[in-house]
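Take a look at the structure set out below.
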Amino acid sequence: MSVRQMSVFLESKPGHMKRVLDAFESAHVSVRGYSASDTGDYGIVRFIVDDPDRAAAVLSDMGTAWKATDVLCVALEDKPGELARVMGIVSDVGINVLYSYSLISTFIALSVKDLDEAECLLSKQPVVLVDQAVLARPVRELRTKGAE
């Protein structure tokens, strides 16, 4: 049992990932998880989507360099130590994890060069910035009450 991951190679400049996301939206492709890695002038964005075949068609139509790979997806319970428990099982059976990232979350982490400037700019926009106290709440509470 696996899921299809789409690895997209993009120039590391403002707007390049947004262009792919807009194309996915236009094609009714829903992103279920993603990871973006900086490799200098270019980056790799890994997407898990609801319809990999449609996403592949979108990426090909855009002329974007991409590659599909099957990856494992594991559901975790929302309790302390759960990630360590699952990674321990993976390790105990001799599996080396090359990389991992989370899926289906209403929170995203963004690494930027100037955190203070980004926070200032985003605080004036229609986005909700989340602090550590919000993340300390149980997931059940976050889903019912929101990130207020």
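Given the structure is predicted, the values throughout are model-derived calculations rather than measurements.
- Q5 and Y34 share no donor-acceptor pair across their side chains, judged by distance under 3.5 Å alone.
- Both L98 and I48 belong to a common hydrophobic cluster when Ile, Leu, Val, Met, Phe, Trp and Tyr are linked at side-chain heavy-atom distances under 4.5 angstrom.
- To the nearest 0.5 angstrom, W66 atom CH2 is 5.0 Å from S60 atom OG.
- For residues 38-59, the ring-ring contact (aromatic ring centres under 6.0 Å, His included) pairs, not counting sequence neighbours, are F24-F47.
- Grouping the Ile, Leu, Val, Met, Phe, Trp and Tyr side chains by contacts below 4.5 angstrom, directly or via other members, places V97 with V86.
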Take V3 and D70 through the test side chain to side chain contact (heavy atoms under 4.5 Å, CB included) and record every step on the way to the result. CA-CA 5 Å; V3 298; D70 289 334; over 6 Å; no
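- The minimum heavy-atom distance linking P52 with M6 is given by the pair O-CE, 3.9 Å.
- For CG of D41, the number of neighbouring non-hydrogen atoms (other residues, nucleotides, ligands) closer than 6.0 Å is 12 at most.
- A pairwise comparison of heavy atoms in Y101 and G33 identifies CE1-C, 4.3 Å as the closest pair.
- R19 places a side-chain heavy atom less than 4.5 Å from the side chain of L10.
- Atom-to-atom distance recorded for S35:OG and R46:CZ is 6.0 Å, nearest 0.5 angstrom.
- Atoms CD1 and OG, on I44 and S12 in that order, are 11.5 Å from each other to the nearest 0.5 Å.
- M17 and V8 fall within the same hydrophobic cluster, defined by Ile, Leu, Val, Met, Phe, Trp and Tyr side-chain heavy atoms under 4.5 Å apart, directly or through other members.
- Here the closest non-hydrogen pair linking D50 and S30 is OD1-N, 2.8 Å.
- In terms of hydrophobic clustering, with Ile, Leu, Val, Met, Phe, Trp and Tyr side chains grouped at heavy-atom distances under 4.5 Å, L72 and L83 are assigned to different clusters.
- Closest of all the heavy-atom pairs between R54 and H28 is NH1-O, 2.8 Å.
- In the hydrophobic cluster analysis, where Ile, Leu, Val, Met, Phe, Trp and Tyr join through side-chain heavy atoms closer than 4.5 angstrom, I95 is grouped apart from I89.
- How far CD of E82 is from CE of M87: 11.0 Å, rounded to the nearest 0.5 Å.
- The CE atom of M62 lies 8.5 Å from the CG atom of D22; values are rounded to the nearest 0.5 Å.
- Remark: H16 NE2 to T64 OG1 distance equals 10.0 Å, nearest 0.5 Å.
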